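First the structure, in the form of structure tokens, and then the observations on it.
What you see below is based on every heavy atom in this structure, not just the backbone, and it leaves out hydrogens, waters and symmetry mates. As the structure is a computational prediction, the values presented were derived from the model and not from experiment. Just so you know, ligand 1 is whichever comes first in the structure, and atom 1 is the first atom listed for that ligand.
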Amino acid sequence: MDQPSRTRTKPLPEVAKAHRDPHNYPHGVAFLDSQYVPMAEAKISVLDWGFLHSDATYDTVHVWNGRFFRLDLHLDRFFAGLGKLRMTIPHDRNAVTEILHNCVALSGHRAAYVEMLCTRGASPTFSRDPRDAVNRFMAFAVPYGSVANAEQMQRGLHVAISDKVRIPPASIDPAIKNYHWLDLVRGLFDAYDRNAETALILDTEGNVAEGPGFNVFAVRNGALTTPAMGVLPGITRRTVFDLALELGVPAQAAPLPVEVLRTADEVFITSTAGGIMPVTVVDGDPIGDGAPGPLTRRLKDLYWEKHEDPAWSTPVHYP
Ligand code: PLP
């Protein structure tokens with residue numbers, strides 16, 4: 001078992017070349033093959049099943065103001081995904097935690113997007129049997145990013161509902177966070193074709209499911225509904241349930257018909273990349289009065305307050 005030591009948390013050399021590289025990388029630090037390297041040097045083989053077959057699982061947690069937000073929940077989901085995919089990594093939960101801390105500390109970022117991932121890997125013989133592959137664990141920390149930019153956070157996102165259908169849960173358990181995104185990416189192009197900024201796609205029953213990297217909530221008569229079926233059980237979605245309980249706001253996971261979303265009082269999306277983000281236009285029509293709604297704003301404010309609360313967040317071990 002590889003146990004990274006805290007002594008490795010010294011600054012890494014700048015990657016000046018990254019600025020000239022057409023495949024430009026954000027500044028950050030990755031961990032792979034038991035080493036910490038600048039993002040631009042974090043590379044895998046094209047023979048890795050993670051690349052060839054999307055045979056991988058991952059999780060993303062964020063660091064805000066030098067603190068991880070709900071890291072334990074992300075680790076739970078990641079290790080559950082590994083188990084369901086029959087992948088093994090040579091690091092236990094404590095070691096993964098330390099690797100994530102080290103990636104952030106080495107990067108120096110106070111606001112970071114931190115990913116842990118495992119691919120099936122490759123086998124030396126290019127065997128077609130996944131049991132022959134050597135699983136590969138990696139992690140990295142890059143600057144924090146959001147689904148919605150500052151302007152969209154202010155005025156609300158413009159979303160289109162695509163007719164593309166999310167991979168059914170009978171095919172892939174959506175609780176295994178995965179890189180099967182072709183349905184979501186095709187939905188995104190549908191949205192761009194209709195002058196929207198992002199997309200929601202459907203479940204197999206024709207109800208709203210989720211979007212590229214986020215869950216969705218509708219507010220009607222002061223109560224929250226989010227799709228129950230065929231979606232990633234997002235940690236931010238779960239956090240909205242926790243906050244709603246604290247505020248005494250009713251919240252349920254239930255089928256969300258397209259028409260119910262279009263006629264909601266408020267709509268918002270949730271993701272580790274951006275938190276709670278207002279949606280003010282769906283399929284070209286305004287939601288409510290066309291401005292981010294009061295419950296959305298209240299939940300969003302409370303969500304960011306919790307980032308300073310030791311019950312919800314843990315400080316990064318910077319050197
Ligand atoms: N749905 C999908 C498909 C995602 O990829 C993500 C996050 O990447 C989410 C929902 C939101 O999950 P979380 O709140 O855990 O970031």
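Judged as a side chain to side chain contact (heavy atoms under 4.5 Å, CB included), and not counting sequence neighbours, the contacts of P143 are P26, H109. With sequence neighbours excluded, the residues forming a side-chain hydrogen bond (donor to acceptor under 3.5 Å, both in side chains) with D59 are H74, R77, listed by chain and number.
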Which protein N or O atoms sit under 3.5 Å from any N or O of ligand 1? Give atom names and distances.
| residue | atom | partner | partner atom | Å |
| --- | --- | --- | --- | --- |
| ligand 1 | 1 (N) | E210 | OE1 | 2.7 |
| ligand 1 | 8 (O) | K177 | NZ | 2.5 |
| ligand 1 | 14 (O) | I235 | N | 3.3 |
| ligand 1 | 14 (O) | T236 | N | 2.9 |
| ligand 1 | 14 (O) | T236 | OG1 | 2.6 |
| ligand 1 | 15 (O) | R77 | NH1 | 3.0 |
| ligand 1 | 15 (O) | R77 | NH2 | 3.0 |
| ligand 1 | 15 (O) | I235 | N | 2.8 |
| ligand 1 | 16 (O) | T272 | N | 2.8 |
| ligand 1 | 16 (O) | T272 | OG1 | 2.7 |

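Aromatic rings of Y318 and H101 (six-membered ring for Trp) have centroids beyond the 6.0 Å cut-off, not under it.
Side-chain contact check for R128 and S123: no donor-acceptor pair (N or O, by modelled atom type) lies under 3.5 Å.
Every pair passing side chain to side chain donor-acceptor pair (under 3.5 Å) that includes a residue from residues 279-299 is listed here, sequence neighbours excluded: R194-D283, R262-D283, E266-T296.
By the 4.5 Å heavy-atom criterion applied to side chains, R238 and L73 are counted as neighbours.
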